[in-house]
Amino acid sequence: MPVVLGDTERDAERFRFTLADDVSLVENQSKLEQYLEDHPDEDLIIVGPDVTMAVACEVAETYRLKRPFLGVVLMRRRMEVTTMAEALRAGVREVVLADDVEALVGATKRSMAVSEQLRNVEMGDAGANRGRIILVFSTKGGSGKTTVATNLATALSLEGEGSSVCLLDFDLETGDVAIALQLDPTRTISDALGMQGGLDDRAMASLVVPYRANMDCLLAPTRPADAEFVTPALAEELVRVAAQMYDYVVIDAPPAFTEVVLRCFDIADTYVLLTTLDMPALKNLKVSVDTLDNLGLPRNKWQVVLNRGGSRVGLTAGDVERTIGVPISAEIPSSVEVPARLNEGVTVVEANPRHAVARAFLDLADKLRKAPAMTKGAPPAPPTKRGLFRRGS
Ligand SMILES: Nc1ncnc2c1ncn2[C@@H]1O[C@H](COP(=O)(O)OP(=O)(O)OP(=O)(O)O)[C@@H](O)[C@H]1O
Ligand SMILES: [Mg+2]
């Protein structure tokens with residue numbers, strides 16, 4: 001049953017009446033910490049309307065990594081867009097108005113369902129080896145995320161190497177995996193919108209579109225407006241269920257740290273961080289790696305990939321390594337083969353596996369295959385700094 005942070009005993013009566021008799025109440029963060037230590041199965045924190053945003057966000061950020069099953073529902077006396085965005089970035093599942101009893105009951109139920117689903121999936125993890133989650137990311141538009149995600153997914157799925165792969169297009173507003181692979185978007189993430197809290201293997205199988213043997217794709221919505229309804233919790237559920245079904249889950253991302261992307265960073269095993277050999281791309285990569293450091297996301301998950309290498313533009317791979325202090329894992333050459341195959345709707349790896357571009361992806365796939373799997377359930381290092389995405393409070 002939920003624990004409520006920071007309300008008076010009088011208000012607690014109201015919560016007990018609204019939600020259930022055994023709602024617990026804690027007055028401050030240290031009591032909350034103690035309560036959660038004593039109740040490792042707790043699934044939900046309701047942050048009362050009078051708790052400051054700074055405290056609410058700190059609570060959500062702390063448990064987002066420490067206890068991913070634990071949901072946080074935030075109550076506010078007024079609903080402001082900035083408050084909502086700030087809260088969701090910190091990892092709050094839902095924000096409800098203090099006097100909206102129905103919304104609180106609904107949010108509580110949904111959050112509990114998500115927690116249960118995540119626990120089920122994680123328990124399944126312990127028995128069967130769950131698939132590895134690979135997030136392809138760069139904050140620079142056009143740096144090659146979709147090219148890398150589609151080709152890497154193909155390379156991982158190649159028979160003989162024998163692994164099943166699900167490619168998730170989480171570039172929710174402008175995703176173009178469907179175009180890159182000439183897939184008919186008859187089913188997309190939009191069809192998952194009503195499934196939050198109840199996704200299972202069968203539902204997932206009904207959402208994906210096959211690309212080749214051993215490789216399915218979950219396509220981005222065709223209506224960009226649907227993107228705002230894809231919550232970080234739904235995205236996480238999609239990833240976790242896919243990881244139960246496939247050996248690899250490759251995520252194509254938008255060029256920004258959206259709430260969905262931040263959630264993917266929390267749960268991914270490997271981050272393929274892309275750059276190209278130009279100053280804006282390098283600056284973006286530097287900002288990204290600093291951001292990941294600030295969020296406490298462990299460096300042993302990073303794989304820095306240089307796309308369009310070989311172009312003579314003054315910068316070198318060594319410059320990239322020196323700037324970010326991380327070695328480059330792979331270099332993908334620049335070649336007309338990439339746009340040429342894109343226009344045909346096939347990956348280079350699929351169409352021409354002997355080509356230098358394909359070989360680079362096959363090598364990268366091999367490297368990822370051999371990289372040690374992350375310890376299941378081991379939480380990443382705690383954030384070294386807080387409030388990166390917060391406004392001053
Ligand atoms: N190694 C390469 N050689 C030649 N062209 C490339 C290479 N990688 C990517 N491109 C081309 O660059 C363009 C952008 O690539 P892509 O769509 O993969 O980038 P993106 O990061 O996914 O973009 P967005 O941020 O818009 O999602 C495409 O036309 C693609 O064909
Ligand atoms: Mg893209």
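All ligand and atom numbering here is 1-based and tracks the order in the structure.
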Shortest protein heavy-atom distance from [atom], along with the residue and atom involved:
atom                    : answer
atom 27 (O) of ligand 1 : D171 OD2, 3.5 Å
atom 14 (C) of ligand 1 : G142 O, 3.6 Å
atom 4 (C) of ligand 1  : S335 O, 3.1 Å
atom 30 (C) of ligand 1 : T147 OG1, 3.9 Å
atom 2 (C) of ligand 1  : V338 CG2, 3.6 Å
atom 17 (O) of ligand 1 : T146 CB, 4.1 Å
atom 29 (O) of ligand 1 : L342 CD2, 4.1 Å
atom 12 (O) of ligand 1 : R308 NH1, 3.6 Å

Which of L274, V272, I324 passes side chain to side chain contact (heavy atoms under 4.5 Å, CB included) with V304? It is I324
From the list D226, T258, V230, T188, side chain to side chain contact (heavy atoms under 4.5 Å, CB included) with L172 holds only for V230
Under 4.5 Å between side-chain heavy atoms, hopping through other hydrophobics if needed: is there a path connecting [X] to [Y]?
X    : Y    : value
L218 : L193 : yes
V287 : L306 : no
F361 : L342 : no
M112 : V101 : yes
L88  : V260 : no

Taking only heavy atoms of [X] into account, list the atoms of ligand 1 that are under 4.0 Å away from them.
X    : result
P339 : 4 (C), 5 (N), 31 (O)
K145 : 18 (O), 19 (O), 20 (P), 21 (O), 22 (O), 24 (P), 25 (O)
N307 : 1 (N), 2 (C), 7 (C), 8 (N), 9 (C)
G141 : 25 (O)

CD of E237 to CD1 of I267, rounded to nearest 0.5 Å, is 10.5 Å
Atom 1 (N) of ligand 1: of P333, G144, P254, the nearest heavy atom sits on P333
task: Assign the ring pair Y271 / F265 to parallel, tilted or perpendicular, where the plane angle (0 to 90°) is split at 30° and 60°.
output: perpendicular
I'd like to know if the side chain of D252 and the backbone of A149 have a donor-acceptor N/O pair within less than 3.5 Å.
no
>> Evaluate A253 for polar contact with ligand 1, using N/O atom pairs at a separation under 3.5 Å.
In response: no
Heavy-atom contact check, 4.0 Å cutoff: does A149 meet ligand 1? no
The protein N, O or S atoms lying under 2.8 Å from the Mg ion (ligand 2) are T146 OG1
What one should report as the nearest heavy-atom pair of V208 and R187 is O-NH1, 2.9 Å
Looking only at the side chains, is there a donor atom on one of D216 and Y246 sitting less than 3.5 Å from an acceptor on the other? yes
Exercise. Indicate whether the side chain of N352 and that of E337 have a donor and an acceptor atom separated by less than 3.5 Å.
Key: yes
